**Student:** 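Dropping the structure in here first, questions after.
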Amino acid sequence: MATSVNAEGDSDDAAEPQALKITAASSNPKMFTLPWYQPLASWPQDLLANLPRGISRHVVRFVHVGDEVYAMKEITKQMAEREYENLRRLQKLELPAVTPIAVVTGRHDRNGEPLEAILVTKHLKFSLPYRALFARNLRPDTAERLIDALAVLMVRLHLAGFYWGDVSLSNVLFLRDADAFTAFLVDAETGDLQINLTEGQREYDIDLARTNIIGELMDLSYGKLLPGDVDEIEIGNRLVDRYHSLWSALTDTDKFKPDEMWKIEKRVNKLNDLGFDVDELEMKTTEDGKRVLVRPRVVDAGYASRKLLRLTGLDVQENQARRLLNDLDAYRASTWREGEDLEIVATDWMREVFEPTVRMIPREYRSQIQPAQFFHEVLTHRWYLAEKAGHDVPMAEAVKSYIDNVLPNYKLDDKAISALLEEADSGVIDDDSTYGDDDGYDPDYDPDAVVWSH
């Protein structure tokens, strides 16, 4: 439950609060020790976490608050409260978005001049903005994998009735997920959660996403961060195709003959392969009784990750969970234990295989890579070593080779981070010029919103 803390003398009737007010989803006493009387851009360096930020219209800083790292965004009061509420609702629906922590209003400087509100969210550990990913040595198909992750995120949000209104790579954080990525919404200030979205609302989000992504990729290309053979327009079109393909797989109605009911299991298995679990199917016959209409009613993401969580307690991304489950199956077969309960085998696999491997992550990289991602990449590296050598390679040898030859690619040096931070701050503009004197964006008066009803 959210809590609201007012400093003495605050008045709910005042147009502008005259004392600090913190509305928080959870309590952290260290929040009260922060210099709220200073503009966020001038906060002391010893409070700040040196992490790469994405380009934003607003001042954003990562701040150490006790043992946590929070993202702070300086923004108008109405926008902060709106985005905080949107993120809380997305959190309750267990959708991939950053976790809201608090809204801080009633800020004034030492001279009593009002300061903008601050939205506080929890830093998504191990995540990176897209520009930081391209600052590293990545595979040539990185742009395509990011687009695929964004398509999945958009479908999940749209299925839940969330209209985004500002889709772009800049408003997403990415986590590595085995050989793919998982996308998390990080900017919800223009969003709106409804019961269901119209086709016009969904198509508007898709078209906006395509336009923004093409522009962002062209900007990367201009900065020589994008491989020369990447076609930015083709990547933008890929998002549209991937979105429509996934939306169709999750929502279309199939027609089967009464003696083709086995195809229902095939449909469910296909959705499982896409990473979605089917809780309910709506089934009815046609008027002539010659066809059975089948349509998923409740579809939830995370089929493999929930299975792994139940077996091992590991909470990881979907593709990471698949890879770990595959290794668990290989371990079960290699130890001749197919007849044993999988829960018992999983306990031994954790103790004998997974935990000894991830304990070898060097200390300086433990904030750079997730244990599950490290394990996946070691397995991939081990396979390449074995193929080159023509025989199996011991796990310990593969781990050492991976740490020496591959893991250093994860580290961004201070120079690269400084360049990213300077670039991120270059996008900051004055909020008053952006939103006018009404202190916020109102979707009810958005001229583009007319497409929603079509």
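These numbers were taken from a predicted model, which means no experiment stands behind them.
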**Student:** Could you check whether any side-chain N or O of Thr312 sits under 3.5 Å from a backbone N or O of Leu308, counting only pairs where one atom can act as donor and the other as acceptor?
**Tutor:** yes
**Student:** Under the rule for side chain to side chain contact (heavy atoms under 4.5 Å, CB included), what residues qualify as partners of Asn405, not counting sequence neighbours?
**Tutor:** Ser401
**Student:** On a heavy-atom basis, which atom in Ala80 and which in Ala117 lie closest, and how many Å separate them?
**Tutor:** CB-CB, 4.1 Å
**Student:** If you look at every heavy atom in Ala97 and Leu87, which pair is closest and at what distance?
**Tutor:** CB-CD2, 4.2 Å
**Student:** Got a second to check how far Leu95's CG is from Leu193's CG, nearest 0.5 Å?
**Tutor:** 8.5 Å
**Student:** Using modelled atom types and a 3.5 Å cut-off, is there a donor and acceptor pairing between side-chain atoms of Ser334 and backbone atoms of Ala330?
**Tutor:** yes
**Student:** Side chain to side chain donor-acceptor pair (under 3.5 Å), that's the test. Do His376 and Asp179 meet it? Break it down for me.
**Tutor:** CA-CA 9 Å; His376 157 74; Asp179 289 325; 3.1 Å; yes
**Student:** Angle between ring planes, Tyr130 versus Phe134, binned at 30° and 60°: parallel, tilted or perpendicular?
**Tutor:** perpendicular
**Student:** Check whether NZ of the Lys or CZ of the Arg Arg202 lies under 6.0 Å from the centre of the six-membered ring of Trp247 and within 45 degrees of that ring's axis.
**Tutor:** yes
**Student:** Might you point out which heavy atoms bring Leu407 and Pro362 nearest each other, and give the distance in Å?
**Tutor:** CD2-CD, 3.8 Å
**Student:** Has Arg53 got a side-chain atom pairing as donor or acceptor with Val60's backbone, closer than 3.5 angstrom?
**Tutor:** yes
**Student:** What pairs with Glu343 under side-chain hydrogen bond (donor to acceptor under 3.5 Å, both in side chains), at least two apart in sequence or on another chain?
**Tutor:** Arg310
**Student:** Using the side chain to side chain contact (heavy atoms under 4.5 Å, CB included) criterion, which residues pair with Asp46? Sequence neighbours excluded.
**Tutor:** Pro44
**Student:** Salt bridge check, Arg57 against Asp166: does any charged N sit closer than 4.0 Å to a carboxylate O?
**Tutor:** yes
**Student:** Might you confirm whether atom OH of Tyr365 has over 12 heavy atoms from other residues, nucleotides or ligands at distances under 6.0 Å?
**Tutor:** yes
**Student:** Got a second to check how far Leu93's CG is from Arg89's CZ, nearest 0.5 Å?
**Tutor:** 8.5 Å
**Student:** Where do Glu216 and Ser168 come nearest, in terms of heavy atoms and distance?
**Tutor:** OE2-CB, 3.4 Å
**Student:** Salt bridge check, Asp348 against Arg337: does any charged N sit closer than 4.0 Å to a carboxylate O?
**Tutor:** yes
**Student:** Taking all non-hydrogen atoms of both residues into account, name the closest pair between Leu239 and Arg210 and its distance.
**Tutor:** CD2-N, 4.1 Å
**Student:** Are Tyr70 and Phe62, when compared by the centres of their aromatic rings, separated by less than 6.0 Å?
**Tutor:** no
**Student:** Of the options Gln317, Arg176, Gln320, which is the one that meets Gln373 in a side-chain hydrogen bond (donor to acceptor under 3.5 Å, both in side chains)?
**Tutor:** Gln320
**Student:** Give a yes or no answer on whether the side chain of Asp205 reaches the backbone of Gly165 with a donor-acceptor pair at less than 3.5 Å.
**Tutor:** yes
**Student:** Under the 3.5 angstrom rule, does the side chain of Arg238 hit a backbone N or O of Asp148 as a donor-acceptor pair?
**Tutor:** no
**Student:** Could you tell me whether Phe374 and Tyr402 have their ring centroids closer than 6.0 angstrom?
**Tutor:** yes
**Student:** For the side chain of Gln201 and the backbone of Tyr163, is there at least one donor-acceptor N/O pair under 3.5 Å apart?
**Tutor:** no
**Student:** Count the heavy atoms of every other residue, nucleotide or ligand shown that sit under 6.0 Å from CD1 of Ile233, and state whether that count exceeds 12.
**Tutor:** no
**Student:** Are the charged groups of Asp392 and Arg382 less than 4.0 angstrom apart, N to O?
**Tutor:** no
**Student:** Would you check if the side chain of Thr190 reaches a backbone N or O of Trp164 as a donor-acceptor pair within less than 3.5 Å?
**Tutor:** yes
**Student:** For the pair Arg145 (side chain) and Phe181 (backbone), establish whether a donor and an acceptor sit closer than 3.5 Å, ignoring hydrogens and angles.
**Tutor:** no
**Student:** Salt bridge check, Lys73 against Glu83: does any charged N sit closer than 4.0 Å to a carboxylate O?
**Tutor:** yes
**Student:** For the pair Arg323 and Asp327, find out whether any cationic side-chain nitrogen is under 4.0 Å from an anionic carboxylate oxygen.
**Tutor:** no
**Student:** Which pair of non-hydrogen atoms, one from Lys307 and one from Leu325, has the smallest distance, and what is that distance?
**Tutor:** CD-CD1, 4.1 Å
**Student:** Is there a donor-acceptor pair closer than 3.5 Å between any side-chain N or O of Asn171 and the backbone N or O of Val186?
**Tutor:** no
**Student:** Is the backbone of Val59 close enough, under 3.5 Å, to the side chain of Glu74 for a donor and an acceptor to pair up by distance?
**Tutor:** no
**Student:** If you measure from the Lys or Arg side-chain nitrogens to the Asp or Glu carboxylate oxygens, is any gap between Lys30 and Asp67 under 4.0 Å?
**Tutor:** no
**Student:** Parallel, tilted or perpendicular, judged at 30° and 60°: which one describes the rings of Phe354 and Phe375?
**Tutor:** tilted
